[in-house]
Amino acid sequence: MKRIYLIFSLILTNNLMIAQQTMTPENLWQVKRLSVIGLDQEGSTLFFKVKTPNISENDYDTKYFKMPAKGGAIVEIEEDDITATDKNISPDGTLALFHKSVAVEAIKGEDVYKDLDKSEVYIFSDLDIRHWDTWSNGSFNHVFYKKVEADKDTGIDIMPNEPYHTPQQPFGGDEDYIWSPDSKAIYYVSKKLKGKAYATSTNTDIYKYDLASKTTENITKDNHGYDTSPAFSANGALAWLQMKTDGYESDKNDIIVLNNGIKQNLTQQWDGTVFSFKWSNDGHTIYFTAPVDGTIQIFKVNYPGKKRIAPVVEQLSEGQFDVTSIVAQSDNILVITRTDMNHAADIYSFNLKTKAFTQRTEINKALYDSVDLPKVEKRYVTTTDGQQMLVWIILPPNFDDSKKYPTLLYAQGGPQSPLSQFYSYRWNFQLMASQGYIVVAPNRRGMPGHGVKWNEDISKDWGGQVMDDYLSAIDDIAKEPYVDNDRLGAIGASFGGYSVFYLAGIHNNRFKTFISHDGVFDTRSMYGTTEELFFVNHDFGGSYWDITNEAAQKSYHDFNPITKVADWNTPILIIQGGKDYRVPIEQGLSAYQAAQMLGLKSKLLYFPEENHWVLNPQNALVWQHEFFKWLKDTL
């Protein structure tokens with residue numbers, strides 16, 4: 001009997017030990033990453049892949065799987081078994097679409113001077129010299145088509161000699177080109193602008209290429225902002241996403257439908273912005289994802305067609321999670337992917353009748369079951385202008401409100417990206433809270449999901465109300481007895497990094513430490529070196545030399561962190577990617593040099609081969625260890 005009791009006690013003790021583990025950087029870099037590939041041509045089988053970080057190889061291991069679209073067993077397969085999902089095969093099954101890079105312009109020295117083929121030089125006479133993390137080299141993505149059985153080298157370029165990209169740079173993929181239902185035309189997205197016009201505009205258009213005549217027509221020429229994501233319904237209606245304002249990358253995104261020459265905006269009267277969409281199988285409805293109140297949910301809008309019925313937007317799902325994609329419809333089921341702050345992406349089914357979710361994959365179940373998870377709370381804070389602002393509060397595992405905890409104010413980037421229930425592999429709230437920190441994450445001005453005006457209010461006001469929003473959030477949570485007011489920090493990347501630099505000069509000793517990753521430190525040099533000039537033209541209000549432009553001058557003086565440096569008095573960790581051409585290297589180096597010359601405790605973490613993000617597994621682990629080492633030393 002005693003032996004049985006001892007064994008039971010050991011089992012119980014071991015289970016408790018397992019349950020009391022917390023997420024670590026090493027755990028985070030064991031999290032598997034799921035992405036959906038698509039359905040087979042019959043729509044009955046769903047294919048997806050799972051990437052697992054391989055730290056020792058500094059790479060990722062990839063496995064491929066399939067499951068019935070309506071639910072059922074998951075089977076591991078080989079990559080070669082996925083060919084049937086090729087959505088780029090024409091509806092009549094005879095032709096296939098693909099894209100590849102084509103040399104169009106002579107930019108490199110070896111192309112201009114054929115006898116100097118070992119020269120290492122780029123020769124430019126206009127802008128668009130680099131983008132995201134790559135220098136322009138005279139090659140462009142082009143769309144090709146070929147017979148299904150033919151080799152890709154025999155494909156026909158539908159953009160011959162054009163110095164334009166399809167797919168779009170830097171993040172476009174094969175969603176940027178589709179077949180017409182009759183297999184006689186190809187529709188594709190491109191920004192057919194050059195030089196300064198390209199760098200200062202967001203005017204992508206959707207083009208129709210006719211295979212028989214080999215002619216191209218711009219079908220969205222009347223719109224001057226983004227036109228993206230073309231998709232046909234089962235009935236032959238073409239839908240796409242549209243932003244109206246040229247140069248405004250975070251404008252309201254609407255669903256446009258073109259059918260029989262009639263164009264309709266289905267979401268014009270709705271106070272929100274669309275992220276992605278999927279036609280219903282019968283072509284009468286469009287399902288879409290959109291941010292709302294700190295989450296991303298499923299919505300639908302009816303397509304009236306010729307009927308004199310106004311489109312009506314309806315929210316279908318609700319809960320503390322993000323619906324990250326709508327993959328497919330199978331009868332009354334939507335197949336979707338979903339995340340929350342404690343869980344990476346998995347596949348779910350959403351029942352359109354009952355509005356219930358069913359989880360279809362649990363690729364990280366063993367890991368999540370082995371750790372105690374933080375608690376995520378939703379809180380509303382009154383801002384200085386009397387608005388109600390959503391603030392996410394992430395509490396450490398096994399939170400004890402009788403104790404005091406160091407607390408981090410998290411500043412989101414974008415600046416107009418949602419602070420929702422996302423799961424990041426770098427700015428991971430689960431990991432931060434698991435190291436004993438409370439995380440305060442405000443949906444400050446500039447976040448989508450709280451109405452169009454709230455989203456727009458940050459433009460030309462980077463150092464204004466949004467800074468008051470940050471301070472309102474941290475001041476509100478700091479009133480709680482479990483917050484250690486002597487141990488507050490502020491952290492963030494991109495616009496969040498700008499926020500940290502700016503707060504460092506105005507925080508009135510609230511914070512004990514700062515961490516800024518790829519943050520804008522000097523708005524003037526940012527204007528002079530960033531690649532997408534449309535962004536700074538819109539958000540800063542114009543160029544720094546336009547002294548008659550009041551909004552721009554405020555951006556380059558009052559709202560410029562470099563003008564507040566004399567008031568810096570707090571330790572700061574500065575992180576910078578060498579291949580970040582969005583917020584280039586001089587931003588981080590200038591801030592670090594200033595901190596050093598001021599005599600502040602400071603550290604520079606420089607990743608020469610990383611861009612605006614940190615993607616290399618071993619670099620990412622170094623990032624995490626340095627991040628928490630800094631907090632331990634300074635907070």
Side-chain angles (χ1 to χ4, degrees), residues 391 406-415 417 419 424 426-427 429 432 437 439-442 444-447 458 461-475 478 487-523 525-526 539 555 559-577 580 582-596 598 600-606 612-614 623 626-628 630-631 633-635:
V391 181
T407 300
L408 302 173
L409 172 68
Y410 169 76
Q412 172 79 332
S417 60
L419 207 172
S424 170
R426 187 166 61 261
W427 296 94
F429 302 139
M432 295 176 196
Y437 300 98
V439 182
V440 178
R444 45 80 180 154
R445 232 52 61 106
M447 300 276 180
I458 196 170
D461 193 43
W462 276 26
Q465 182 62 50
V466 62
M467 295 299 151
D468 290 334
D469 290 348
Y470 284 136
L471 297 177
S472 294
I474 193 66
D475 288 349
R487 301 175 68 196
L488 303 180
I491 61 174
S494 194
F495 176 81
Y498 162 91
S499 301
V500 168
F501 287 146
Y502 198 86
L503 288 169
I506 66 167
H507 70 108
N508 291 325
N509 299 315
R510 283 178 175 85
F511 299 108
K512 192 176 180 182
T513 193
F514 293 107
I515 300 177
S516 175
H517 180 147
D518 286 350
V520 177
F521 174 68
D522 179 6
T523 53
S525 61
M526 172 70 175
D539 267 48
S555 295
F559 296 157
N560 193 348
I562 202 170
T563 64
K564 313 290 183 186
V565 169
D567 294 320
W568 282 17
N569 61 359
T570 307
I572 187 166
L573 169 63
I574 295 164
I575 308 170
Q576 182 67 47
D580 184 357
R582 181 64 41 85
V583 182
I585 187 173
E586 82 284 344
Q587 301 296 317
L589 296 190
S590 296
Y592 176 67
Q593 193 149 299
Q596 284 282 303
L598 286 167
L600 298 177
K601 180 180 177 66
S602 51
K603 181 185 284 190
L604 175 67
L605 192 58
Y606 173 57
H612 202 52
W613 304 327
V614 179
W623 189 100
E626 288 293 327
F627 181 93
F628 291 112
W630 179 261
L631 291 178
D633 289 347
T634 60
L635 196 61

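Heads up: numbering here begins at 1 and tracks the sequence.
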Separation between OG of Ser602 and OH of Tyr592, rounded to the nearest 0.5 Å: 5.0 Å

Check: Arg445 main-chain N/O paired with Asp469 side-chain donor or acceptor under 3.5 Å: yes

Worked check of side chain to side chain contact (heavy atoms under 4.5 Å, CB included) between Leu605 and Phe627: CA-CA 9 Å; Leu605 192 58; Phe627 181 93; over 6 Å; no

Nearest heavy-atom neighbours spanning Tyr470 and Arg444: OH-NE, 3.4 Å

Value rounded to 0.5 Å, distance of CD1 in Ile572 from CD in Gln596: 11.5 Å

Atom of Pro571, atom of Thr634 and distance for their closest heavy-atom approach: CB-CG2, 4.0 Å

Aromatic contact, Phe501 with Tyr498 (centres under 6.0 Å): no

Check against side chain to side chain contact (heavy atoms under 4.5 Å, CB included), Met432 and Ile491: CA-CA 11 Å; Met432 295 176 196; Ile491 61 174; 3.8 Å; yes

Contacts of Gln593 that satisfy side-chain hydrogen bond (donor to acceptor under 3.5 Å, both in side chains) - sequence neighbours left out: none

Check against side chain to side chain contact (heavy atoms under 4.5 Å, CB included), Leu408 and Leu635: CA-CA 10 Å; Leu408 302 173; Leu635 196 61; 3.7 Å; yes

Centroid-centroid distance, Trp427 to Trp613, less than 6.0 Å: no

Cationic N near anionic O, under 4.0 Å, Asp475 to Arg510: yes

Atom pair CG (Leu488) and NZ (Lys512), whose distance is rounded to the nearest 0.5 Å: 10.0 Å

Nearest non-hydrogen partners of Leu503 and Leu409, listed with the distance: CD1-CD2, 4.2 Å

Polar side-chain atom of Gln587 near backbone of Asp522 as donor-acceptor pair, under 3.5 Å: yes

Minimal non-hydrogen separation, Pro442 against Tyr410, with atom names: CD-O, 3.4 Å

Least distance between heavy atoms, Ser494 atom then His612 atom: OG-NE2, 2.8 Å

Contact check, side chains of Pro415 and Met447, non-hydrogen atoms, under 4.5 Å: no

Side-chain donor/acceptor of Asn569 to backbone N/O of Asn509, under 3.5 Å: no

Atom pair CD1/CG of Ile575 and Asp580 - distance to nearest 0.5 Å: 12.5 Å

For Ser417 against Gln412, the heavy-atom pair lying closest together: OG-NE2, 3.4 Å

Asn560 side-chain N/O to Thr523 backbone N/O, donor-acceptor pair under 3.5 Å: yes

With sequence neighbours excluded, residues passing side-chain hydrogen bond (donor to acceptor under 3.5 Å, both in side chains) with Thr570: His507

Flag side-chain contact, heavy atom, 4.5 Å: Phe495 against Ile458: yes

Straight-line distance of Thr513 OG1 to Leu573 CG, nearest 0.5 Å: 7.5 Å

Gap between atom CD1 of Ile562 and atom CZ of Phe521 - 0.5 Å precision: 4.5 Å

Side chain to side chain contact (heavy atoms under 4.5 Å, CB included) assessment of Ile506 paired with Asp567: CA-CA 7 Å; Ile506 66 167; Asp567 294 320; over 6 Å; no

Listed partners of Thr407 passing side-chain hydrogen bond (donor to acceptor under 3.5 Å, both in side chains), at least two apart: none

